[in-house]
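Worksheet for the structure shown next.
All values reported here derive from a predicted model rather than from experimental measurement. The figures that follow rest on heavy atoms only: side chains count, while hydrogens, waters and symmetry mates do not.
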Amino acid sequence: MNIIVDNWEALRAHAQPIRFEVFVDEQQVPAEIELDEMDAVSIHAVAYDEQGAPVATGRLLPDGHIGRMAVRRAGRGKGVGGAVLQALMAAARSRGDSGVVLNAQAHAEPFYAAHGFAREGDEFMEAGIPHITMRARLG
């Protein structure tokens, strides 16, 4: 597996199809809200499998929020999502962020907890899907 961390212009061609496959096709998130103005100002990560095919993505916003974490079905359960998350956390750490925060789909809480995130507050709905806020300190 190879992970590239770069800007939206460099990674859009690989990140966007993954996000649409996972969020729009699988989870029925409206296509018109999947891409936003924050993509252009965020740090993105894309993971590639052994054959060089893009299998996962995520982004780090300027304010330390991690989001748009998506792994194609073929890449799930293989540590790919965790590797993308760790790459984004490393990017935040290298630019001097003291912590990161994300709005996790509620079912993914154990995944994020395993990577050092702690739940904050109550469950809420976002794009018709239950979410929770989770935060991790960077050392």
In terms of heavy-atom contacts, Ile33 and Arg68 come closest through O-NH2, 3.3 Å

ring-ring contact (aromatic ring centres under 6.0 Å, His included) involving His14 - partner list, sequence neighbours excluded: Tyr48

Residues forming a side chain to side chain contact (heavy atoms under 4.5 Å, CB included) with Arg76, sequence neighbours excluded: Val22, Glu26, Val71, Arg73

Test side chain to side chain contact (heavy atoms under 4.5 Å, CB included) on Met89 and Leu85 and set out the steps. CA-CA 6 Å; Met89 292 170 75; Leu85 181 62; 3.9 Å; yes

Which pair of non-hydrogen atoms, one from Ala136 and one from Gly116, has the smallest distance, and what is that distance? CB-O, 3.5 Å

Residues pairing under salt bridge (charged side-chain N to carboxylate O under 4.0 Å, His left out) where one sits in residues 126-139, two or more places apart or in two chains, turn out to be Glu120-Arg135

Could you note down all residue pairs passing ring-ring contact (aromatic ring centres under 6.0 Å, His included) where residues 71-90 supplies at least one of them, sequence neighbours left out? none

Are Asp49 and Arg72 close enough for a salt bridge, meaning some N to O gap below 4.0 Å? no

Taking it one step at a time, do Arg12 and Asp39 satisfy salt bridge (Lys or Arg N to Asp or Glu O under 4.0 Å)? CA-CA 9 Å; Arg12 178 181 187 148; Asp39 281 321; over 6 Å; no

Using every non-hydrogen atom in the two residues, find where Glu123 and Ala106 come nearest and quote the distance to one decimal. OE1-CB, 3.6 Å

With sequence neighbours left out, what residues match Phe20 under ring-ring contact (aromatic ring centres under 6.0 Å, His included)? none

Partner of Glu34 under side-chain contact (heavy atoms from CB on, under 4.5 Å), picked from Gln16, Gln27, Arg19, is Arg19

Ignoring hydrogens and geometry, is there a side-chain-to-backbone donor-acceptor pair from Thr57 to Val46 under 3.5 Å? no

Take Asn7 and Ile43 through the test side chain to side chain contact (heavy atoms under 4.5 Å, CB included) and record every step on the way to the result. CA-CA 5 Å; Asn7 62 36; Ile43 296 170; over 6 Å; no

Just jot down the ring-ring contact (aromatic ring centres under 6.0 Å, His included) partners of His107, sequence neighbours excluded, or say none. none

